[in-house]
S.K.: 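This is the structure I have questions about; it appears just below.
Source: prediction; values computed, not measured. Heavy-atom basis, side chains included; hydrogens, waters and symmetry copies ignored.
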Amino acid sequence: MKALFRILLACVTIAFIGYMFFNSARENEPLEGPNANSNVIPKTELEQPVEGAIPRPQSGLSTFIGQNVVEVLDQFGEPVRKEPSAFGYDWWVYKTSAETFFMVGVQNDIVTQVYIAGDKLDTTPFKIGQKRDEIYRMTIIDFEVAANVDDNIFIFSMNEEDMQTRLLVKFDDIFAQLYIDGETSELQGIRFTDSKTLVIHQPYEMIYQGELVTPTPPSSFLQQDINAASAAQLDDLINITRVHHKLAPLEIDKSLKEAAKMHSEDMKVQNFLSHESPTYGDLKKRLEKHEIAFSDAHENLATAYFDAIEAMHGWLNSVEHRKVIMNEKYTVVGSGVYLNYYTQIFIEPSKDRVSSDEQDIKLPVEGQEDINK
């Protein structure tokens with residue numbers, strides 16, 4: 001009888017462990033970005049910092065800034081996607097491969113910024129994969145950087161973390177935001193931008209003299225398209241990150257995207273930042289509600305980033321969120337965005353999972369045909 005009881009107890013224990021660890025949903029702390037606490041302070045008198053003059057690059061993708069978008073079309077052709085932003089410009093997304101991924105910001109047919117993550121592109125004077133120490137040796141870097149828009153003066157201040165992972169460099173009439181991987185100290189992405197776009201983004205602590213430059217708020221209908229665009233960009237950026245770290249890209253799942261979108265909206269509407277919804281419960285319950293079968297699941301959350309690029313680099317430089325991004329057992333992902341609330345759900349599928357794949361399943365590596373064409 002005692003032997004039977006022990007066997008029964010062992011079975012119950014094994015079943016409990018299996019339930020907890022083989023059909024589990026894991027959580028880490030949500031990430032709040034720099035826009036949560038950044039100050040924007042007006043000044044009546046403002047003295048610009050003395051900065052060394054760095055000539056604007058004469059080659060590379062940064063030369064498109066200020067040019068008519070026809071110049072981009074002549075060299076690279078039509079983008080895979082054209083997507084709205086919350087700042088008045090459209091993103092043109094070029095993603096023939098992870099090694100040649102870049103996005104172009106276009107407003108009134110003029111290029112306002114370029115974001116580059118592909119390491120086979122000309123990003124003069126920098127290079128994707130370049131070490132932070134080398135960037136410091138070759139570049140004039142100060143913790144205060146001034147920008148002018150017409151007669152208005154704006155001064156951005158970088159904190160200690162910014163100086164390590166999110167550098168701002170000023171050239172003659174453009175700027176470069178350098179997104180550095182805090183673990184490897186390698187340059188992961190570059191955003192070249194004009195001064196007006198930089199000011200509208202307000203990516204750092206800022207003081208200013210004159211009139212504050214702000215974007216026109218989008219309509220509710222346009223905002224829905226912006227949310228979808230940001231989610232698609234998160235899907236792109238997660239796979240570029242994984243490919244650069246020699247990991248397999250993830251499958252993009254429609255049902256996961258819908259679950260992620262609903263949670264982002266729920267957080268905004270109900271004013272909370274957590275994996276557990278007051279209405280729909282924790283991640284496991286939310287996935288079950290969407291009838292998503294999984295063996296293991298994890299979720300990255302963020303808010304107070306002004307766009308998907310910033311959110312992804314924020315996750316990458318957070319130890320716990322990075323572990324999720326780099327976890328090889330997760331093979332499927334779905335991203336959802338609502339305003340500045342970002343959700344990305346990763347799963348290890350169960351054997352009985354029914355796929356709800358999108359057409360845009362993987363970001364191809366160099367040499368493969370672009371499935372989006």
Side-chain angles (χ1 to χ4, degrees), residues 32-58 60 62-63 65-67 85-89 105 107 110-115 123-126 132-180 182 187 189-217 304-307 309-310 313-314 317 340:
E32 288 195 78
N35 294 96
N37 301 307
S38 292
N39 294 316
V40 178
I41 304 172
K43 297 284 187 179
T44 54
E45 294 185 9
L46 195 59
E47 184 176 344
Q48 296 195 48
V50 178
E51 297 170 320
I54 304 179
R56 178 172 174 169
Q58 297 301 304
S62 70
T63 60
I65 296 175
Q67 302 295 315
S85 77
F87 302 97
Y89 55 79
Q107 188 167 22
I110 301 299
V111 177
T112 64
Q113 64 184 309
V114 181
Y115 170 77
T123 55
T124 303
F126 309 107
R132 179 174 53 224
D133 289 348
E134 183 182 346
I135 294 171
Y136 267 94
R137 286 196 299 269
M138 62 171 278
T139 311
I140 299 173
I141 296 174
D142 199 340
F143 75 95
E144 285 192 340
V145 177
N148 295 84
V149 179
D150 300 325
D151 295 328
N152 308 300
I153 303 170
F154 303 87
I155 299 178
F156 298 97
S157 298
M158 288 181 282
N159 59 33
E160 185 176 344
E161 183 177 353
D162 294 331
M163 296 292 282
Q164 295 297 311
T165 62
R166 210 167 55 111
L167 290 171
L168 179 62
V169 177
K170 182 178 181 180
F171 295 94
D172 283 338
D173 59 347
I174 65 170
F175 299 82
Q177 279 186 275
L178 307 180
Y179 296 100
I180 297 171
L187 185 59
I190 307 170
R191 189 198 304 252
F192 292 105
T193 178
D194 62 21
S195 57
K196 183 178 179 181
T197 305
L198 178 68
V199 170
I200 287 175
H201 287 164
Q202 297 178 15
Y204 308 92
E205 295 275 351
M206 186 178 81
I207 58 176
Y208 70 96
Q209 178 182 322
E211 294 184 13
L212 185 61
V213 182
T214 57
T216 301
Y305 290 94
F306 69 81
D307 69 4
I309 295 168
E310 290 267 324
H313 285 287
N317 281 315
N340 67 341

S.K.: Sub-3.5 Å donor-acceptor pair from the side chain of Gln209 to the main-chain atoms of Leu46, do we have one?
M.R.: yes
S.K.: Going by distance alone, is a donor N or O of one side chain under 3.5 Å from an acceptor N or O of the other, for Tyr179 and Glu310?
M.R.: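 On atom types as modelled, these side chains qualify, holding a pair under 3.5 Å.
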S.K.: Once rounded to the nearest 0.5 Å, what's the spacing between atom CD1 of Ile207 and atom NZ of Lys43?
M.R.: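 Going from CD1 on Ile207 over to NZ on Lys43, the span is 6.0 Å.
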S.K.: Consider side chain to side chain contact (heavy atoms under 4.5 Å, CB included). Of Phe306, Phe87, Tyr89, which one does Ile200 pass it with?
M.R.: Phe87
S.K.: Of all heavy-atom pairs between Ala147 and Ser195, which one has the smallest distance, and what is that distance?
M.R.: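 Shortest heavy-atom separation between Ala147 and Ser195 comes out as CB-CB, 4.3 Å.
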S.K.: Can you list every salt bridge (charged side-chain N to carboxylate O under 4.0 Å, His left out) pair that touches residues 136-155, not counting sequence neighbours?
M.R.: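 Sorted result for residues 136-155: empty, none.
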S.K.: Grab the two heavy atoms, one from Thr63 and one from Arg56, that are nearest each other, plus how far apart they are.
M.R.: O-NH2, 3.8 Å
S.K.: Where do Asn152 and Gly210 come nearest, in terms of heavy atoms and distance?
M.R.: OD1-CA, 3.4 Å
S.K.: Go through the structure and list residues passing side chain to side chain donor-acceptor pair (under 3.5 Å) with Glu134, not counting sequence neighbours.
M.R.: Gln130
S.K.: Does a side-chain heavy-atom distance below 4.5 Å link Thr123 with Leu187?
M.R.: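 Side chain of Thr123 against side chain of Leu187, heavy atoms only: no contact under 4.5 Å found.
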S.K.: Kindly give the heavy-atom pair with the smallest separation between Gly88 and Ser85, and that separation in Å.
M.R.: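 It is N-OG, 3.7 Å.
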S.K.: Under the ring-ring contact (aromatic ring centres under 6.0 Å, His included) rule, collect the residues that match up with Phe126, sequence neighbours excluded.
M.R.: none
S.K.: What's the separation between atom OG1 in Thr139 and atom CZ in Arg132, rounded to the nearest 0.5 Å?
M.R.: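 Spacing of OG1 (Thr139) from CZ (Arg132) equals 13.5 Å.
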S.K.: Identify the two heavy atoms, one from Gly182 and one from Thr165, that lie closest to each other, and give their separation to 0.1 Å.
M.R.: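 Between these two residues, the closest heavy atoms are CA-CG2, 4.1 Å.
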S.K.: Looking only at atom types and distance, does a side-chain atom of Lys170 sit under 3.5 Å from a main-chain N or O of Ala146, one as donor and one as acceptor?
M.R.: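 Yes, the answer is positive, given that a donor and an acceptor are paired below the 3.5 Å cut-off.
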S.K.: Under the salt bridge (charged side-chain N to carboxylate O under 4.0 Å, His left out) definition, can you give me all pairs with a residue in residues 189-212, not counting sequence neighbours?
M.R.: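 The answer is Arg191-Asp307.
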S.K.: Any chance you could lay out the side chain to side chain contact (heavy atoms under 4.5 Å, CB included) test for Gln164 and Asn317, step after step, and finish with the verdict?
M.R.: CA-CA 10 Å; Gln164 295 297 311; Asn317 281 315; over 6 Å; no
S.K.: Which residues satisfy the side chain to side chain contact (heavy atoms under 4.5 Å, CB included) test with Asp162, sequence neighbours excluded?
M.R.: Met158, Asn159, Arg166, Tyr204
S.K.: Answer yes or no: is there a donor N or O on one side and an acceptor on the other, between the side chain of Gln113 and the main chain of Val111, under 3.5 Å?
M.R.: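 Such a contact is absent between Gln113 side chain and Val111 backbone.
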S.K.: Should Met206 and Leu198 be marked as a side chain to side chain contact (heavy atoms under 4.5 Å, CB included) after you check the CA-CA gap, both sets of side-chain angles, and the distance that decides it?
M.R.: CA-CA 11 Å; Met206 186 178 81; Leu198 178 68; over 6 Å; no
S.K.: Working to the nearest 0.5 Å, report the span between CE of Met163 and CD1 of Ile180.
M.R.: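 Those atoms lie 10.0 Å apart.
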S.K.: Check whether any side-chain heavy atom of Gln107 lies under 4.5 Å from a side-chain heavy atom of Thr197, and answer yes or no.
M.R.: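 Gln107 does not reach Thr197 side chain to side chain.
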S.K.: Quick one: which residue pairs count as a ring pair (Phe, Tyr, Trp, His ring centres under 6.0 Å) with a foot in residues 132-176, not counting sequence neighbours?
M.R.: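 Pairs touching residues 132-176 that pass the test: Phe154-Tyr208.
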S.K.: Calculate, to the nearest 0.5 Å, the distance between atoms OG1 and CD belonging to Thr193 and Gln177 respectively.
M.R.: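 Here the interatomic distance stands at 7.5 Å.
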S.K.: Quick one: OG1 on Thr112 to CZ on Phe192, what's the gap to the nearest 0.5 Å?
M.R.: 14.0 Å
S.K.: About how many Å separate CD1 of Ile141 and CD1 of Ile135, when rounded to the nearest 0.5 Å?
M.R.: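 Those atoms lie 7.0 Å apart.
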